[in-house]
2 protein chains.
Amino acid sequence: MEERHAIQTSVDPVIFTVFDGQLHTLVVKRTIEPYKGCWSLPGGLVDTEQDLDLHSAALRKLKEKTNVAAPYLEQVETVGSASRDPRGWSVTVVYYALMPRPEIALAATHGASEVRWEPVTDGTAAIPLAFDHEKLVRLALERLRAKVGYTSVAVHLLPEPFTFLDIQHIHEVILGRKVEKKSLMRRYLGSGVIEEAQGARKEGRMRPAQLYRLKDRRTIHYFTRTMEGPREE
Amino acid sequence: MEERHAIQTSVDPVIFTVFDGQLHTLVVKRTIEPYKGCWSLPGGLVDTEQDLDLHSAALRKLKEKTNVAAPYLEQVETVGSASRDPRGWSVTVVYYALMPRPEIALAATHGASEVRWEPVTDGTAAIPLAFDHEKLVRLALERLRAKVGYTSVAVHLLPEPFTFLDIQHIHEVILGRKVEKKSLMRRYLGSGVIEEAQGARKEGRMRPAQLYRLKDRRTIHYFTRTMEGPREE
DNA sequence: AAAATAGTGTCTCTAAGACAATATGCG
DNA sequence: CGCATATTGTCTTAGAGACACTATTTT
């Protein structure tokens, strides 16, 4: 009876950050079988002795690999089947986390001989990943893309303070298309999710841009319309 | 090592249907400890010997209690902690299912001495439920309400064929407020999710209403705006 | 024709797309 | 001043809310 119902349960955070004009996700090299030597998501089994709940299990994994304690973290979906792990039935709870690049101090510890940022291009990571982790990345990316269209979630990828050009870039990188800065200004200024920060940033010999910061790093704002992209002909 | 990571895993479907002008959810009476004799969601442990994956585990539970094989079924969220079950760490994957009332043949089997439809009023079921099931119902209802505002999901609660008055009623029951029928007609006629069915329905001595049916009982349509409700003053 | 609901017309409003017109700070 | 980018103005458009008006049956 017991062994029919007790299931290997893990959390798999898909950690997104943006640099070099591209979305990246954190992968670690596996040091044990199965898939030894393959890259995989920085997840792992829930530990019933140290984790109080699923959310804190995900936070623990994040902390171990990136040393970031409180990023934006959201549950995506739970995948479980008899076939996804060769050792038998398993369940994994997929999260995605957004963190500004500068805050991250990668740590190669806890059984991950290597930790690395892998670019996420059209749909998935460029290199093959262990288990069904490519599918998990795709699930997380789909959720992120959808949510960027009708919430303020994208700005959680930006280090503070940021400009509207930064906001525009981050949207364009995630969605993979041009976005009207005017629309973003209407949204972000009208919703009160950001506030002005001191100073301005000069990129060359042109007019400096106003700096902003998030008012609340824990929550996101829901807009009532989805950004639709360029008009059809 | 093993027992630190293998976790009791269940699926909990929150089954919604509408009758008597109210949203209802299916509850079953527990026949074993803990919470023996209490009402609970019609879920249960994933069985690694008969379930291939989580989704089919949820479908199995649904089939056992309602005899409906293919309703609209969507994963909501996964809740897991050391404290939600007195027996120790447990994880449950919450789903919500929508089914038209007439299709359901309740079955009192499989350890559920009683099965019953419980009205869901403002936020939760009227009676107390076992474990954290009231919270799970609330999660499912929040998801349903949000999704009704920007998708065609609500019509999956209707038996076919249906009229626009039916569509309007179902939206109003779920959202708990008046909805403009004109807006619904624009949405549903413009998106092509429904098609005309033969005949018309006469409610009394008035003009009969055109009948419609869903084109696709498996998918939902996403609109680009959220219905916002009455204008503010 | 009257009753009563079905379905249409259409006005207003909000926010997005598009892009022109200004504003600003620096060399 | 002139450059290069920042910010604002504003026109168009899609679709929601509101609600009056017309259509279609049965009695």
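Just so it is clear: chains get the letters A, B, ... in the order the sequence lines come, proteins before strands, and each one is counted from 1.
Note on ring orientation: taking the six-membered ring where Trp is involved, the planes of A:F19 and A:W117 are perpendicular (angle over 60°, cut-offs 30° and 60°).
Across the protein-nucleic acid pair, A:E228 atom CD and D:dA14 atom P stand 10 Å apart, rounded to whole Å. Here the C1' atom of nucleotide D:dA6 and the CD atom of A:Q168 are 11 Å apart, to the nearest Å.
A distance of 6.0 Å or more separates the ring centres of A:F16 and A:H24. Between B:Y212 and B:Y188, the distance from one ring center to the other does not fall under 6.0 angstrom.
Residues passing the side chain to side chain donor-acceptor pair (under 3.5 Å) test with A:E172 are A:Q168, sequence neighbours excluded. Remark: A:Y72 engages A:H156 in a ring-ring contact (aromatic ring centres under 6.0 Å, His included) (not counting sequence neighbours).
Salt-bridge check for B:D166 with B:R201: passed, with a basic side-chain N closer than 4.0 Å to an acidic carboxylate O. A salt bridge does not link B:R143 to B:E77: none of the charged side-chain nitrogens sits closer than 4.0 Å to a carboxylate oxygen. The pair A:R213-A:E196 fails the salt-bridge criterion, with no side-chain N (NZ, NE, NH1 or NH2) lying under 4.0 Å from an Asp/Glu carboxylate O. A salt bridge does not link B:D132 to B:R138: none of the charged side-chain nitrogens sits closer than 4.0 Å to a carboxylate oxygen. A salt bridge does not link A:R116 to A:E114: none of the charged nitrogens lies less than 4.0 Å from a carboxylate oxygen.
Shown for residues 146-165 of chain A: residues whose heavy atoms fall under 4.0 angstrom of DNA chain D, namely A:L165. Looking at residues 177-188 of chain B, you'll see B:E180, B:K182, B:S183, B:R186, B:R187 sit with a heavy atom under 4.0 Å from some atom of DNA chain D.
A:L98 has its side chain within reach of A:V153: a pair of non-hydrogen atoms, C-beta onward, lies under 4.5 Å apart.
Comparing B:Y212 and A:T226 by the nucleotide of DNA chain C whose heavy atom lies nearest to each, the residue mapping closer to the 5' end is B:Y212.
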Give me, pair by pair, the N or O atoms of the protein and of nucleotides 21-24 of chain D that are less than 3.5 Å apart, along with how far apart they are.
unit_1: D:dA23; atom_1: N3; unit_2: B:R207; atom_2: NH1; d: 2.8
unit_1: D:dT24; atom_1: O4'; unit_2: B:R207; atom_2: NE; d: 3.2

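Contacts of A:G190 with the nucleic acid, taken as non-hydrogen atoms under 4.0 Å apart, are absent.
Bracketed by its first and final contacts, the part of DNA chain C lying under 4.0 Å from non-hydrogen atoms of chain A reaches from C:dT14 to C:dG25 in 5' to 3' order.
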> Can you list the steps and then say if A:E64 with A:R60 is a salt bridge (Lys or Arg N to Asp or Glu O under 4.0 Å)?
Replying inline: CA-CA 6 Å; A:E64 283 174 10; A:R60 176 172 62 83; 3.0 Å; yes

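Within the 3.5 Å criterion, the main-chain N or O of B:A197 finds a donor-acceptor partner in the side chain of B:Q210.
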